[in-house]
Amino acid sequence: MSKRTRLPPARERACSTKTAEGSMPTTSTPREALTSRASEPVPDPTSRTRSPSRIPANSISNGASRLERHRKFIGGEWVEARGGEREQILDPATGEVIAEVPRGSREDVDRAVDAAVQAFPAWSDSTPAERMTMVLRLADRIDAHAEELAQLESRNVGKPITASRADLPFISDNLRFFAGAARTLEGKATGEYVRGMTSWIRREPIGVVAQIAPWNYPLMMAIWKIGPALAAGNCVILKPSEWTPLTSLRLAELAADIFPPGVLNVVTGDGVPVGSSLVEHPRVGMVSLTGDVSTGKIVARTASDSLKKVHLELGGKAPVIVFDDAAVDAVVNMVKFAGFANTGQDCTAATRVLAGSRIHDALLEALVPAVESIKVGDPRDEAVEVGPLVSRQQLERVAGFVDRARASGARVLTGGDRLGDRGFFYRPSVVTEVAQDSELIQREVFGPVVTVQRFADDAQALAWANSVDYGLAASVWTRDIGRALRAARKLQFGTVWINTHFGLTAEMPHGGYKHSGYGKDMSVYALEEYTQVKHVMAALD
Ligand code: NAD
């Protein structure tokens, strides 16, 4: 599978193996107040020139089993869960336990909210430039620890190491964008709209923001959330997925001596009670969720009780519309990559190919061998392009979709079965002869499965593309610019690509239409999400 061809800051994806084992000392350092920190000269931001002993450590080495035991990061301290319960973290390539993290409770959420509420006044009083300096230091530190983070993410998610490595420059670039862009936030109008009065706009942080992340790109999703929220002056409680918390905990470790206590907190644990307690909490002002549509509906309903602001980045079912005049090779190369990268566990995956009646057969003839050539295997192997699914549940879910489609008459041209009996591997699959109203077309599979449908004309292509509940991303392939522009206008998706698929860049927004959610990640739009607008009017006389 070819690597993504966009410039390094455009999204490239990848994975990791080395755990945080023994990499950090276990002493913690008292933290200075924000005010004293802000007046300090800016220290060298990279960990190469800073003593690692200044970073409070998290993982507790368990020498006998090489298992990592992690704690959660609340108010600048590494703490155990109040109830002492722990959750096991698996390596999806082997099914073996690689770490244990605290299983958080409602009490842990209360504690994190207390810490964040306490930190908010000083943090929101800091200047954008002061916050930028700290966020940039975190970006530098991520770069300095890029290989370690890539290894850790690869091991926890099962993502090929080459893909995890490719993600890291994009991740730190996103953080740098938010750091600088927060200095440019603006209101739309200032002036005298009423005689004797002057009015202006203030853009203010919301306060304590709960950020609930999924398992497919744990570190990237964490950065898309904490980057704009912190840069805009909010305090954050990040809840990583219960399956993939390791890079978020390492991120907290790397950030621990950069931000004042309570500004960034990480609480691990399950959706219920940790996620739900954050959403219900009366002192949390906003919740941002990236996850499944069903979780988004629960979060939106629950948040309505306290009228919290809600930001939802949910699932997708991206159509790839291939008109008859498209370049077959280009489409095949992109579908081979964007349909199967991260084992298809991507909300923008090129999962639903809609092909014109004249190009359909040639496309399938080239696509099937291309997909069969994908190297699936151990994520640590640098030649591997596709790793396992993240969990046994996800493997069973994907297999269930394909089995049910096959039973109802679909043709599985390649794949359609589990690979081996160790770990959670599924063979990259291409399925045809699927009806538009079938489950395989209408629901997000989130696995290495691409469907191909034949359409009769442009109107049918656009109708089929739009007739799903999702609306995150779509692509159109044609040499006819007018046709491409007409399609881009008619497609009900938050991102439309023309003769490409999958590219993202820090300056452009990412977010859905319809059931894919509301609110934007990335770009200045994401920063605005984490602010509220105030009108101040003053009498001139
Ligand atoms: P999920 O909805 O199962 O879980 C997401 C997070 O929500 C987890 O941290 C989970 O613990 C938490 N959660 C679960 N129940 C909760 C509740 N009742 N209250 C509060 N929090 C709760 O999703 P997932 O399986 O981890 O991630 C995969 C999904 O995420 C896919 O649908 C994918 O398309 C979507 N996704 C979307 C984007 C995007 O940008 N739109 C990006 C990545 C992933």
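Atoms within each ligand, like the ligands themselves, are counted from 1 in listed order.
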Give a yes or no on whether a salt bridge exists between [X] and [Y], defined as a side-chain N under 4.0 angstrom from a carboxylate O.
{"X": "Arg86", "Y": "Glu100", "value": "yes"}
{"X": "Asp417", "Y": "Arg427", "value": "yes"}
{"X": "Asp403", "Y": "Arg406", "value": "yes"}
{"X": "Asp469", "Y": "Lys317", "value": "no"}
{"X": "Lys520", "Y": "Glu528", "value": "no"}

Task: Which segment of Val274 sits under 4.0 Å of ligand 1 when only heavy atoms are counted - done: neither

TODO: Tell me which part of His510 gets within contact of ligand 1: side chain, backbone, both or neither, using heavy atoms under 4.0 Å.
DONE: side chain

Open item on the list: With heavy-atom distances below 4.5 Å as the criterion, would you say the side chains of Trp215 and Ser391 are in contact?
Closed with: no

Open item on the list: Main chain of Ala463, side chain of Lys490: is a donor-acceptor contact present, judged purely on distance under 3.5 Å?
Closed with: no

Flag [X] as yes when one of its N or O atoms lies below 3.5 Å from any N or O atom of ligand 1, and as no otherwise.
{"X": "Asp270", "result": "no"}
{"X": "Asp292", "result": "yes"}
{"X": "Val293", "result": "no"}
{"X": "Gly271", "result": "yes"}
{"X": "Asn216", "result": "no"}

What do you reckon, does [X] put a non-hydrogen atom under 4.0 Å from ligand 1?
{"X": "Gly512", "value": "no"}
{"X": "Ala213", "value": "yes"}
{"X": "Ser516", "value": "no"}

